[in-house]
> 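Before I ask anything, here is the structure I am working with.
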Amino acid sequence: MKSDVNLCSLKNIACTLPGQRMTSKETLLQKYEEYKKEFDRIPKYREFLRFAGIHGRVLVKIYGEDAYSKLQMECGDLANKLNLEKTPLEKIMRQYGDLALEAGKLPSSSVWIHQGLKPTISGLERSPHFIKWPEFPKKFARWAEVENAVEYKEVLELIEASSSSSGKSITEKSDREFEELINAVRSWIPDRRRNVEETYKVELRKHLEAKGFKLHEEFGESNFDLLIRNKYAIEIKKAPNQSEYDRMFGQLARHLQHQLHVIALVLDAPTQDKFDNFTALVDLYLNKNEKFVEVIKK
DNA sequence: CCAAAAGAGACAGCAACCAT
DNA sequence: ATGGTTGCTGTCTCTTTTGG
């Protein structure tokens with residue numbers, strides 16, 4: 001090794017001699033092959049530079065962008081540069097589908113880990129995949145549908161079955177909680193008329209806490225007025241005009257996206273017909289299949 | 001029935017990768 | 001130092017199972 005370094009420095013001196021100043025492409029290619037012969041493997045960037053006794057700029061001068069990679073390709077090798085292609089969606093989905101077919105049921109994340117499938121769970125849930133495990137069935141179903149992957153028909157049936165059975169029991173259970181909450185909000189009577197929405201909010205919060213609901217402090221960028229058990233959001237609007245109703249509608253929709261149940265609480269509604277119109281809209285568009293939004297007026 | 005233990009999942013931090 | 005994907009690990013939470 002040490003003699004190598006010495007050699008290189010000798011050559012460097014040689015390179016500075018007139019007439020040899022230009023390192024030619026051919027010399028580099030030759031060096032590359034030499035290295036492979038000598039060490040029986042492909043050199044890494046730095047190793048090559050040292051071995052050839054050149055500065056990285058020389059490479060760039062000859063090859064331009066991604067110089068070393070181009071050189072490697074020219075010598076018939078794959079570039080060392082990391083090929084960070086994300087795992088294609090298809091591969092991920094097929095792995096999932098095959099697991100399900102094999103087991104005859106929807107796999108848990110543990111199976112995936114045990115099989116050593118990639119990307120790992122932690123990779124899966126982050127960019128660029130964003131597949132959290134419980135969402136896997138849904139995403140798989142969507143994929144299979146788009147790709148028309150008939151071979152996974154059984155898996156789709158499994159997904160269908162699980163979402164209707166477990167889905168139901170879950171909503172039934174949470175429905176009860178939701179009902180309780182709705183009743184609690186209904187039973188709340190504001191001390192008196194307030195001028196500011198915020199004051200109502202504080203008061204309602206006290207009321208709910210007294211009823212034994214666990215309120216979450218607003219954290220992060222959450223836009224909820226109140227959040228209960230991470231599942232139920234309460235939106236409070238005082239004396240809304242039309243555009244505020246519209247805004248609230250949008251907020252409700254956003255909450256639903258986060259799979260929350262929402263109570264929209266309207267205080268001091270100026271006119272009955274705007275309120276009625278609002279509730280009608282909510283029922284029509286947001287409470288389409290199952291009831292997740294409750295509108296209450298005080 | 002309750003309490004403890006196991007299981008599943010969420011999430012964040014850290015590191016590896018390697019040419020540029 | 002940086003880029004982007006991925007893996008690994010620790011900690012937290014929530015749910016389900018088990019033991020008594």
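Every chain is numbered from 1 and lettered A, B, ... according to where its sequence line falls, protein lines coming before strand lines.
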> Taking only side-chain nitrogens and oxygens of A:H129, does any of them come within less than 4.0 Å of OP1 or OP2 of C:dT5?
no
> Rounded to whole angstrom units, what separation is found between the CZ atom of A:R126 and the C1' atom of B:dC11?
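Interatomic distance, CZ of A:R126 to C1' of B:dC11: 9 Å.
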> Would you mind reading off the distance between A:E125 atom CD and C:dT13 atom P, rounded to a whole angstrom?
17 Å
> Atom CZ of A:R57 and atom P of B:dT20: how far apart are they, to the nearest Å?
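Computing the A:R57:CZ to B:dT20:P distance gives 14 Å.
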> Between A:E294 and A:R186, is the closest basic N to carboxylate O distance under 4.0 Å?
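Yes, A:R186 and A:E294 are salt-bridged.
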> Separation of A:I113 atom CD1 from B:dG9 atom C1', in whole Å?
9 Å
> Check whether any side-chain nitrogen or oxygen of A:S110 sits under 4.0 Å from OP1 or OP2 of B:dA8, and answer yes or no.
yes
> At less than 4.0 Å, is any side-chain N or O atom of A:K118 found next to OP1 or OP2 of C:dT5? Yes or no.
no
> May I have the distance from A:Y68 (atom OH) to B:dA19 (atom P), rounded to whole angstrom?
7 Å
> Using whole Å, what does the distance between atom C1' of nucleotide C:dT6 and atom CZ of A:F130 come to?
14 Å
> Over how many whole Å does the gap from A:L106 atom CG to B:dA8 atom P extend?
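Distance, rounded to whole Å: 14 Å.
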> Does the pair A:K201/A:E197 count as a salt bridge with the N-to-O cut at 4.0 Å?
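Looking at A:E197 together with A:K201, the answer is no, because their closest N to O distance does not fall below 4.0 Å.
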> Starting at atom NE2 of A:H55, determine the distance to atom P of B:dT20, rounded to an integer number of angstrom.
14 Å
> Determine whether the aromatic ring centres of A:F136 and A:W143 lie less than 6.0 Å apart.
no
> Quick one: is B:dA8 close enough that its OP1 or OP2 comes under 4.0 Å of any side-chain N or O from A:S109?
no
> Strictly below 4.0 Å, N to O, side chains only: are A:E198 and A:K238 in salt-bridge contact?
no
